[in-house]
Amino acid sequence: QVHLVESGGGLVQAGGSLRLSCAASRSIFSINSMHWYRQAPGKQRELVANRTSSGSTNYADSVKGRFTISRDNAKNTVYLQMNSLKPEDTAVYYCNIRGTYYTGTYLTGRYLTAFDSWGQGTQVTVSS
């Protein structure tokens with residue numbers, strides 16, 4: 001199992017910045033894709049940004065030019081840098097990572113295992 005722990009949310013004024021982090025609970029062998037979603041009250045969850053293993057990135061039109069998705073392999077952490085925040089960015093943000101990790105030991109045998117894990121969500125509130 002790979003558990004994801006999110007952090008970095010909070011209250012910020014319009015025009016401000018936040019960086020969300022999504023840290024994996026164990027070492028990851030490979031990330032096939034990583035995603036950030038958000039869900040505002042009364043609305044459906046929407047995709048904010050994603051990045052594939054080839055480096056291809058996609059952003060929702062509403063955040064293009066303001067948000068950046070990235071990763072730190074050494075820290076097994078994915079980030080979402082959010083600049084020029086607007087009140088309409090207020091939502092709970094969720095990370096989702098799909099990849100592989102090794103289970104087992106060198107004595108018993110190591111095996112690559114696929115995972116598709118979600119973070120617990122972090123609240124971002126932008127005041128006007």
Side-chain angles (χ1 to χ4, degrees):
Q1 288 277 9
V2 177
H3 298 285
L4 304 180
V5 178
E6 298 182 39
S7 61
L11 174 64
V12 64
Q13 287 189 334
S17 297
L18 285 174
R19 188 177 77 160
L20 305 183
S21 299
C22 175
S25 61
R26 62 187 301 158
S27 179
I28 297 173
F29 176 72
S30 68
I31 292 180
N32 297 329
S33 63
M34 52 192 194
H35 315 258
W36 284 96
Y37 292 82
R38 67 185 180 188
Q39 187 166 20
K43 294 187 177 182
Q44 289 188 331
R45 187 174 297 189
E46 64 170 345
L47 179 65
V48 175
N50 65 4
R51 179 175 175 173
T52 65
S53 58
S54 66
S56 173
T57 57
N58 292 288
Y59 296 93
D61 288 342
S62 58
V63 307
K64 279 182 182 176
R66 300 188 298 122
F67 289 13
T68 303
I69 187 171
S70 64
R71 58 187 281 189
D72 185 329
N73 292 336
K75 295 182 179 180
N76 295 300
T77 300
V78 172
Y79 301 99
L80 183 68
Q81 178 66 44
M82 306 185 295
N83 299 326
S84 303
L85 283 162
K86 305 175 181 180
E88 50 264 43
D89 294 319
T90 295
V92 178
Y93 285 71
Y94 300 89
C95 63
N96 169 230
I97 301 177
R98 303 164 193 172
T100 60
Y101 66 100
Y102 273 109
T103 59
T105 68
Y106 287 105
L107 285 178
T108 61
R110 301 181 75 211
Y111 305 93
L112 271 178
T113 302
F115 72 93
D116 182 348
S117 298
W118 288 80
Q120 81 283 6
T122 186
Q123 176 70 47
V124 171
T125 303
V126 184
S127 63
S128 57

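Any value given below was found using the heavy atoms of this structure, including those in side chains, with hydrogens, waters and symmetry copies removed.
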* **Nearest-0.5 Å distance, OG1 of residue Thr113 to OH of residue Tyr101** => 5.0 Å
* Asked: Mind checking whether Ser117 and Val2 have side chains closer than 4.5 Å, heavy atoms only?
  -> yes
* **side chain to side chain contact (heavy atoms under 4.5 Å, CB included) between Cys95 and Leu4, intermediate numbers included** => CA-CA 8 Å; Cys95 63; Leu4 304 180; 3.9 Å; yes
* Just how far is it from atom CG of Asn32 to atom CD1 of Ile97, taken to the nearest 0.5 Å? -> 11.0 Å
* Non-neighbouring partners of Phe67 that pass ring pair (Phe, Tyr, Trp, His ring centres under 6.0 Å), sequence neighbours left out -> none
* Asked: Any sub-3.5 Å donor-acceptor pair from Gln81's side-chain atoms to Arg19's backbone N or O?
  -> no
* From Ser53 OG over to Arg71 CZ, what is the distance, rounded to the nearest 0.5 angstrom? -> 8.5 Å
* Asked: So, Ser17 versus Asn83: side-chain donor-acceptor pair below 3.5 Å or not?
  -> yes
* Under 3.5 Å: donor-acceptor pair, side chain of Arg66, backbone of Ser84 -> yes
* **Candidate list Ile69, Asn50, Thr52, Asn96, test side-chain contact (heavy atoms from CB on, under 4.5 Å), partner Met34, passing option** => Ile69
* Nearest heavy-atom pair of Gln1 and Ser25: which atoms, and what distance? -> O-OG, 4.3 Å
* To do: Give a yes or no answer on whether the side chain of Asn76 reaches the backbone of Ala24 with a donor-acceptor pair at less than 3.5 Å.
  => no
* Asked: What are the two closest heavy atoms between Gln39 and Lys43, and how far apart are they?
  -> NE2-O, 3.1 Å
* Asked: Which distance, rounded to the nearest 0.5 Å, do you find between the OH of Tyr93 and the CG of Leu80?
  -> 7.5 Å
* To do: Enter the distance from Thr77:OG1 to Ile28:CD1 here, rounded to the nearest 0.5 Å.
  => 8.0 Å
* Asked: Roughly how far apart are Arg98 CZ and Ile31 CD1, rounded to 0.5 Å?
  -> 12.5 Å
* **Non-neighbouring partners of Val12 that pass side chain to side chain contact (heavy atoms under 4.5 Å, CB included), sequence neighbours left out** => Leu18, Leu85, Val126
* Are any of the side-chain nitrogens in Asp61 or Lys64 under 4.0 Å away from the carboxylate oxygens of its partner? -> yes
* Return the minimal non-hydrogen interatomic distance between Ser30 and Phe115, and the atom names on each side. => O-CE2, 4.5 Å
* Structure fact -> Tightest non-hydrogen contact, residues Val124 and Gly9, listed as CG2-CA, 4.2 Å
* Asked: How close do Thr90 and Pro87 get, heavy atom to heavy atom, and via which atoms?
  -> OG1-O, 2.9 Å
* Of the non-hydrogen atoms in Val5 and Gln120, which two are nearest, and what is the gap between them? -> CA-OE1, 3.7 Å
* **Residue pair Ser56 / Ser54, side-chain donor-acceptor N/O under 3.5 Å** => no
* Should side-chain heavy atoms under 4.5 Å link Ile, Leu, Val, Met, Phe, Trp and Tyr, which residues sit in the same cluster as Tyr94? -> Tyr37, Leu47, Val92, Trp118
